[in-house]
Amino acid sequence: MLTIFRRTFSSHPYRVALAITWLTLIFSLPNSFQIISDYIGFLFVGIIGAIFANSTGAGGGVVFVPFFNQIDMQNSAIIATSFAIQCCGMTAGALTWHYHRQSLLADDNASTGKTGGDSDQWLYVNKGLLITIPFSILGILTAQFALSEYTQQMQTSLHVAFGVFSILLAIAIFGSIPLLNRQKSAINLLPIDMILLGIIAFFGGVITAWLSVGVGELIAVYLILRGFNVTSAIALAVILSAFTVWSAIFNHLFITQAIYWNILLFAGAGAIIGGVIAKRVVLYFCVVKLKLFFATWVFIMGTVGLIT
């Protein structure tokens, strides 16, 4: 892991500049050393959550929601703060996956003089994003505004709703694992795929508004079940999740105003680190083992949420 961290950050001076800016912001606060002492642990929570999120396509809420629930944060603060942290981590992850795709395309062009090779498995991604992003945003805004009362009711029993969704999600991930070793991947979306992706993205957006997790992993699971390349499916889900959480954050900034800013300051920084590292984790470790570990984690967290 240290090797991954060093390779990821050593060749990018702008990341050093970002770290300096973050440190400057912290030490400009009153009682900065006390704040660091109280909240430094959330830096590691952000890293872990973002690695999970950006290496599987699920939102970081699968880590943040149960953790924040265990430290007795209010439900509204859990959802708002989770969204804010994901704006940091999913954006970092989305940019990292985008540059990875561009690198694959450049390598193929350099070796063959035309599109082909590994980049073929990413051909559907742009079209998939054009379909899923608008429907996911529509779903999340529908839940936040048109169904605001119902959304508030759902969040009053957050641990139960999160537990049920997590268990169902874990079962779906376990079911997709045998399909990860297909020899040949699909590369084109069929008309039925476009319809189903739109439907899943809309209802995934609604669920994400309730739980701060949902649309990314639902889309990733569908694409894997359909036979698309696992890495490109995860990348699409991460980029989709980044757009989704940004569309949701304005409600929490200006209406609920429930973001816990000190936690965001540390967990958000950790999420940026985790979002950058996650791509290398996916490419370095066995995808099957990652999925198995992640599904087990989600199942355990869902079960704990139901019994506590």
Side-chain angles (χ1 to χ4, degrees), residues 18 21-22 25 42 45-46 49-50 53-54 57-65 67-69 73-95 97-98 129-156 158 161-162 165 198 200-219 236-272 274-275:
L18 188 61
T21 302
W22 177 71
L25 177 61
F42 289 100
V45 174
N54 290 284
V62 295
V63 172
F64 304 138
V65 170
F67 180 82
F68 292 157
N69 187 56
M73 283 177 61
Q74 293 184 350
N75 288 347
S76 58
I78 291 174
I79 296 298
T81 307
S82 177
F83 269 120
I85 297 169
Q86 289 182 74
C87 284
C88 301
M90 302 309 288
T91 300
L95 290 172
W97 279 116
H98 170 72
L129 290 171
L130 287 174
I131 296 166
T132 55
I133 288 173
F135 280 100
S136 179
I137 292 175
L138 178 62
I140 210 162
L141 295 180
T142 298
Q144 287 183 332
F145 297 101
L147 302 176
S148 59
E149 292 186 5
Y150 186 72
T151 297
Q152 291 173 7
Q153 292 174 8
M154 287 290 294
Q155 291 176 357
T156 57
L158 178 62
F162 182 86
F165 176 79
I200 295 170
F202 176 80
F203 287 104
V206 172
I207 294 170
T208 302
W210 295 341
L211 308 177
S212 88
V213 59
V215 69
E217 189 58 29
L218 290 175
I219 292 295
L236 188 153
V238 169
I239 297 170
L240 167 64
S241 296
F243 278 93
T244 302
V245 294
W246 274 107
S247 72
I249 196 61
F250 298 101
N251 178 63
H252 297 295
L253 282 172
F254 301 112
I255 298 178
T256 71
Q257 298 183 350
I259 297 172
Y260 203 125
W261 290 99
N262 283 350
I263 290 178
L264 173 61
L265 183 61
F266 288 87
I272 292 174

**Q** Do other residues, nucleotides or ligands put more than 12 heavy atoms under 6.0 Å from the CZ atom of F202?
**A** yes
**Q** Rounded at 0.5 Å granularity, tell me how far OG1 in T132 sits from CD1 in I137.
**A** 9.5 Å
**Q** Any side-chain heavy-atom pair from F203 and L218 closer than 4.5 angstrom?
**A** no
**Q** Give a yes or no on whether F243 atom CZ has more than 12 heavy-atom contacts from other residues, nucleotides or ligands under 6.0 Å away.
**A** no
**Q** Do I263 and F64 come within less than 4.5 Å of each other through their side chains, counting heavy atoms only?
**A** no
**Q** Using 0.5 Å steps for rounding, measure from the CD1 atom of I79 to the CE atom of M73.
**A** 10.0 Å
**Q** To the nearest 0.5 Å, tell me how far L141 CG sits from S148 OG.
**A** 12.5 Å
**Q** Closest heavy-atom contact between A50 and A271?
**A** CB-O, 3.2 Å
**Q** Take I140 and F83, measure what side chain to side chain contact (heavy atoms under 4.5 Å, CB included) needs, and give me the verdict at the end.
**A** CA-CA 12 Å; I140 210 162; F83 269 120; 3.9 Å; yes
**Q** For V65 versus S212, what's the shortest heavy-atom pair and its separation?
**A** CG2-OG, 3.5 Å
**Q** To check you understand the geometry: which heavy-atom pair defines the closest contact between V238 and G93, and what is its length?
**A** CG1-C, 3.7 Å
**Q** Is any side-chain heavy atom of I259 closer than 4.5 Å to one of I249?
**A** yes
**Q** Can you tell me how far CG of N69 sits from CD1 of I78, rounded to the nearest 0.5 angstrom?
**A** 5.0 Å
**Q** Hey, what's the ring geometry for F250 with W246, parallel, tilted or perpendicular (30° and 60° as the breaks)?
**A** tilted
**Q** What residues, two or more places apart in sequence or in another chain, satisfy ring pair (Phe, Tyr, Trp, His ring centres under 6.0 Å) together with F266?
**A** W22
**Q** So V213 and F162, do their side chains get closer than 4.5 Å, heavy atoms only?
**A** yes
**Q** Nearest 0.5 angstrom please: Q74 CD to Y260 OH, how far?
**A** 10.5 Å
**Q** Which atoms form the tightest heavy-atom contact between A267 and I85, and what is the distance?
**A** CB-CD1, 3.5 Å
**Q** Within the 3.5 Å criterion, strictly below it, is a donor on S82 or Q86 matched to an acceptor on the partner's side chain?
**A** yes
**Q** Please check if the side chain of Q144 supplies one atom and the backbone of N251 the other of a donor-acceptor pair under 3.5 Å.
**A** no
**Q** Locate the shortest heavy-atom distance separating C88 from L264; write the atom from each residue and the value.
**A** SG-CD1, 4.4 Å
**Q** Looking at F145, I want to see if its CZ is surrounded by more than 12 non-hydrogen atoms of other residues, nucleotides or ligands under 6.0 Å.
**A** yes
**Q** So which atom in A92 and which in I272 form the shortest heavy-atom distance, rounded to 0.1 Å?
**A** CB-O, 3.7 Å
**Q** For residues S136 and T208, determine if any side-chain heavy atom of one lies less than 4.5 Å from a side-chain heavy atom of the other.
**A** no
**Q** Is the closest side-chain heavy-atom distance between L240 and L129 below 4.5 Å?
**A** yes
